[in-house]
Protein chains: 2
Amino acid sequence: MGGMHQHLGHPEGENALEQLVARIPLFSQLSDAELGEVARRVTPRSFPRNAQLYGAGEHNANLMIIHSGLVKVYRITDAGHEQVIRILGPGDFLGESTFIDRSAVDHFAVTLEKSDICALHHDDLHSYVLTFPGVAFKMLETLSRRLAETEHQLSSVAGDDADHRVATYLLEASAAAGTERIRLGIAKKDVASLLGLTPETFSRKLAAFEEAGWITLHRGRDIELLDTRALSLL
Amino acid sequence: MGGMHQHLGHPEGENALEQLVARIPLFSQLSDAELGEVARRVTPRSFPRNAQLYGAGEHNANLMIIHSGLVKVYRITDAGHEQVIRILGPGDFLGESTFIDRSAVDHFAVTLEKSDICALHHDDLHSYVLTFPGVAFKMLETLSRRLAETEHQLSSVAGDDADHRVATYLLEASAAAGTERIRLGIAKKDVASLLGLTPETFSRKLAAFEEAGWITLHRGRDIELLDTRALSLL
DNA sequence: CGAATCTTTGAATCCCGTCAATACGCGTGG
DNA sequence: CCACGCGTATTGACGGGATTCAAAGATTCG
């Protein structure tokens, strides 16, 4: 894990760091004094694109909180190809599995773009969880939501056909963005993997949707939904 | 939800109940006094086979802890067929999603056999979580493990072929049991769904494995692994 | 600007799901 | 305890949708 920039000591950095910590959902219920205490233990780092945060087999000892950037969490299947589990963005954290389990992780975490990430050692997190019940509760909320999402992914991959999965993804992305013009923040091959498809199939489905007049594919990763009704009927 | 047997008031029931609560992993770190406090709020019920604990759309307000029996958690996909998410047994709890989220559940929970289950109202659990950090931590552990399992299921269903999934399931069941003679505790159709397969495909794969001399199918749901090496190579 | 990665398109294959019919076995009720 | 009945399991044939392999085209990033 290379290239860390540690800002320690000087009061300005300290203050900025505290404001950074205050924006972390995980610590949103803490008082100012408590935030300051957390801020003193947190280590901000900046990672370039395609930096591996940790990999399978390692014993990662840090909870990492994303301030800016995008992180891909994936696993290498027995068959040998990459399966994307989830994409994490600002406010999300990762590295909690080893915090709770202590065994080696079985997946990989890589930045998809330049990212600013705060690291908090598991020992410190442990004391916070025991001291501030709100922190434990926030973690429970997050894990519970992730579990629900992963279960949803599972039943989708197991039960629905490719058309349905692609259509659902587009509709959800549109709903999340609030527009009918969505921009895939990540590579199509990663979206495909997230949906349990090959890049080829994903590409074909999008082409078929455009053919049917339901969407328009713009340059790059821009997609415009023309007929959400038709998509939701798949 | 019919047929509840409430044992309240009389001291013997109280004591037995306390011993019951003491065996719940979720409360394993509590002191005797604290266990007694929890026991006073817990409601034991006995459910017959095929009883629905809760269903999609409901606002279940209880954490349910399985003392004995087996519970199937599943979801109905958009396509309309049942997708088994997980099977829960003694010591496991369910109903935590509404505890954390308050929104309606999107899945179903049904007993697969006669089950004794303790119900604990979410309000009580809330106070325990805030009062006893160990309880929150135990919940974190459990959710984290479930998340890891579900992620594993996901990448398996998305990436591996049917042979590999069936073989892996058999091997894991064997490893968990400690024997090479395993007994599927649940219906094959449910195992198939858990693996993201149709019952027909599951049946065919087992037949093919027997044909190849890797396993022997005995009466009922008994399977004997003859060549674990061959199975692990799939 | 250039190269590596991602994306698209085509054609062939194959694995798995679907439908259907039969056999089995478990759990229920008498 | 036994017999009945329904849900479960098996087996076959078939069709389809997704993957695979391959190669050309586009985009992004250094």
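Heavy atoms only: backbone and side chains are in, while hydrogens, waters and symmetry mates are out. Every chain is numbered from 1 and lettered A, B, ... according to where its sequence line falls, protein lines coming before strand lines.
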(request) Applying side chain to side chain contact (heavy atoms under 4.5 Å, CB included), run through B/Val71 and B/Leu94 and close with a yes or a no. (result) CA-CA 9 Å; B/Val71 172; B/Leu94 67 160; 3.9 Å; yes

Can you measure [X] atom [atom1] to [N] atom [atom2] for me and round it to whole angstrom units?
X        : N      : atom1 : atom2 : answer
A/Phe202 : C/dC6  : CZ    : C1'   : 13 Å
B/Leu217 : D/dA9  : CG    : P     : 12 Å
B/Asn50  : C/dT28 : CG    : C1'   : 12 Å
B/Asp161 : D/dA18 : CG    : P     : 17 Å
B/Glu211 : D/dT10 : CD    : P     : 15 Å
B/Glu200 : D/dG15 : CD    : P     : 17 Å
A/His218 : C/dT7  : NE2   : C1'   : 18 Å
B/Leu206 : D/dT11 : CG    : P     : 10 Å

If you compare every side-chain N and O of [X] against the phosphate oxygens of [N] (OP1, OP2), does one of them come in below 4.0 Å?
X        : N      : answer
B/Lys189 : D/dT8  : yes
B/Thr198 : C/dG17 : yes
A/Arg219 : D/dT27 : yes
A/Arg49  : D/dC29 : yes
A/Ser203 : C/dT7  : no
A/Lys188 : D/dT27 : no
B/Arg221 : D/dA9  : yes

(request) Report the residue (B/Asp190 or B/Arg204) whose heavy-atom-nearest nucleotide on DNA chain D is the more 5′ of the two. (result) B/Asp190

(request) Hey, could you give me the CD/CG distance between B/Glu96 and B/Asn60, rounded to the nearest 0.5 Å? (result) 10.0 Å

(message) Measuring from atom CG of A/Asp78 to atom OG of B/Ser156, what distance do you get when rounded to the nearest 0.5 angstrom?
(response) 8.0 Å

(request) Assign A/Gly159 to base, sugar-phosphate, or nothing according to its heavy-atom contacts below 4.0 angstrom with the strands shown. (result) nothing

(request) Have a look at B/Lys205 and say if it touches a base, only the backbone sugar-phosphate, or nothing, with a 4.0 Å heavy-atom cut-off. (result) sugar-phosphate

(request) Classify the ring geometry between A/Phe108 and A/Tyr74 as parallel (under 30°), tilted (30 to 60°) or perpendicular (over 60°). (result) parallel

(request) Using side-chain contact (heavy atoms from CB on, under 4.5 Å) as the criterion, list what pairs up with B/Thr201, not counting sequence neighbours. (result) B/Ala162, B/Leu197, B/Thr198, B/Lys205

